[in-house]
There are 2 protein chains.
Amino acid sequence: MAVPETRSEQLARALEDDICAGRALPGMRLDEQVLAQRFGTSRTPVREALKMLAAQGFVEIRPRQGAVVVGLDVRQVLELFEIMAVLEGLCARLAARRMTPAERADLMAVHAECQRLAVAGDPDTYYAMNTRFHEVIYAGSHNRQLEEETRRVRNRLSPYRRNQLHQLGRVAKSVQEHDDVVRALLEGDADRAETLMRRHIGIQGDGLSDFVSNMSMPQAVSNPQPVLAGTLGRPTIVR
Amino acid sequence: MAVPETRSEQLARALEDDICAGRALPGMRLDEQVLAQRFGTSRTPVREALKMLAAQGFVEIRPRQGAVVVGLDVRQVLELFEIMAVLEGLCARLAARRMTPAERADLMAVHAECQRLAVAGDPDTYYAMNTRFHEVIYAGSHNRQLEEETRRVRNRLSPYRRNQLHQLGRVAKSVQEHDDVVRALLEGDADRAETLMRRHIGIQGDGLSDFVSNMSMPQAVSNPQPVLAGTLGRPTIVR
DNA sequence: AGTCATCTTCATGCATGCAAGACAGTCGAT
DNA sequence: ATCGACTGTCTTGCATGCATGAAGATGACT
């Protein structure tokens, strides 16, 4: 066991995490040397990690100009949401037929917790539990490739979702939509589960348009950005 | 223009192409030094290319044991087909509403060519035109992220699709399904276009995929594979 | 003979070195 | 003063070197 993880993999995970968690904002420059020092390695594993992240769409590497956290414009975010909707919809469809009794119990438990936090907790704790809710459904699809793919798209969007739930009434609506999905799932109604999930994620519900109108482009490129965990920021020119 | 491409990017594209075209078969060992010599570079850009391909699921890198072209077992292939179906379905749905007149004309032209080759040509030339047909629809979705995502999944599956159309009667059926899709697309019937495309890509009926996804498949590939473009094959042990 | 331990060989993972290209700042010209 | 070319500095891209760990071979022991 305990597959020894290479430095480059560790770095890739750490950086992806920084991006997803909003610690590294879109447009932020990722200086190889700075990162190498920060993680106590040479530039080589850092470069390899950046290449991996670039291949997955988390960072952009412009030849001879270094790596930058990808900044998505409104259009691209919407495009990803369209994808997200069908992927999560498929997860729900498959989960409706494939979830084991244990998984169904799990789903209900997490959903109940969501309901509790919807009124009791703050948006951030709800956000965490909401993530778990969706993860349960990914897993319930019993399709690993789909699970990974969906999670990857979700992660790419995460910098832009952070404040989504701070919107007034959004949490309540979210949990209500979950409720509908859960019902369909438990009844094994694949078609309905898919449709409801697609609506929950996608354009159809007003959730998204609300989201867009409130979207605070987390630094939609073009202006100088500080280097992650460093003071050696160099202005970033785009295009 | 003419963004100078780095060696690592060139290598990544070349290797991905080898994999998609079936020149590098699943399970094949990708030796860094051999590749470096083949492309006339050092190991560094080769390693970076391999990391990128690994991040996209084309190769697998086991620490200290080198890179291998990913070998998917039956289950994983089916999982990817399930994803492919919804992605292409979404492409069709969006294309039904978004394609420009020029794009619609293009679609009809390519489709006509498909019909011609279906009877006149051999499966391989049809395969090429079939690919173009689908590409037109990807583009018609006017969703770049989706286009890339769909193409990526398609490429991951391509080693396993090669012979799909050699099956008796498959070409005729394929072109007929295309015809139905085209009709829905041109009529702007998004729902129908999506449904038909999903059916076209997916495994007919959910029964089979359900069955397979719930049975545990033994590991595929566990026998020695030759190194790409080299004779220094070393047995590849999996797990 | 079969199994296990040790040794040898070699590929990988990472560090370092070096040349080319990009950005910033300076200087000169209009 | 603005614009452009030139120069200096710095970062990136790639080559190379070296230590670690894995695969295979050799040999001893049961």
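Every chain is numbered from 1 and lettered A, B, ... according to where its sequence line falls, protein lines coming before strand lines. In this text the structure is predicted, and so the values were computed from the model without any measurement.
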Min side-chain heavy-atom separation [X]-[Y] under 4.5 Å:
X	Y	result
A:Leu87	B:Leu87	yes
B:Pro45	B:Phe39	no
A:Arg198	A:Glu82	no

Next on the checklist: So, does A:Thr44 get its side chain near the phosphate of C:dC14, meaning an N or O under 4.0 Å from OP1 or OP2?
Outcome noted: no
Next on the checklist: Under 4.0 Å from OP1 or OP2 of D:dA22: is there any side-chain N or O of B:Gln65 that close?
Outcome noted: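 For B:Gln65, the contact criterion (side-chain N or O under 4.0 Å from OP1 or OP2 of D:dA22) is not met.
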Checklist entry - Which residues pass the side chain to side chain donor-acceptor pair (under 3.5 Å) test with B:Thr44, sequence neighbours left out? => result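 B:Thr44: no side chain to side chain donor-acceptor pair (under 3.5 Å) contacts found.
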For [X] and [N], give me the distance from atom [atom1] to atom [atom2], rounded to whole Å.
X	N	atom1	atom2	value
A:Arg29	D:dT12	CZ	C1'	9 Å
B:Glu32	C:dC10	CD	C1'	12 Å
A:Asp31	C:dA22	CG	P	17 Å
B:Glu5	D:dT12	CD	P	19 Å
A:Glu9	C:dC14	CD	P	8 Å
A:Leu35	C:dA15	CG	P	14 Å
B:Arg64	C:dT12	CZ	C1'	5 Å
B:Gln37	D:dT16	CD	P	12 Å

Next on the checklist: Does A:Arg43 contact C:dT16 through a side-chain donor or acceptor facing the base, at a distance under 3.5 Å?
Outcome noted: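 Not at all, since no donor on one side and acceptor on the other fall under 3.5 Å apart.
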Next on the checklist: By nearest atom, which of the nucleotides C:dG13, D:dG13, D:dC14 is closest to the B:Pro63 side chain?
Outcome noted: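 Side chain of B:Pro63 sits closest to C:dG13.
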Item to check | Candidates D:dC14, C:dT12, D:dT11 - which lies nearest the side chain of A:Gln33 | outcome: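 Between D:dC14, C:dT12, D:dT11, the one nearest the side chain of A:Gln33 would be D:dT11.
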Checklist entry - For B:Tyr138 and B:Arg154, does a side-chain donor sit closer than 3.5 Å to a side-chain acceptor? => result yes
Checklist entry - Is there a donor-acceptor contact under 3.5 Å linking the side chains of A:His142 and A:Glu103? => result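 Side chains of A:His142 and A:Glu103: pair found under 3.5 Å.
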Checklist entry - Of the residues in residues 47-58 of chain A, which ones touch DNA chain C at a heavy-atom distance under 4.0 Å? => result none
Checklist entry - Do B:Arg152 and B:Glu148 meet the salt-bridge criterion of a basic N to acidic O distance under 4.0 Å? => result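 Salt bridge between B:Glu148 and B:Arg152, a charged N being under 4.0 Å from a carboxylate O: no.
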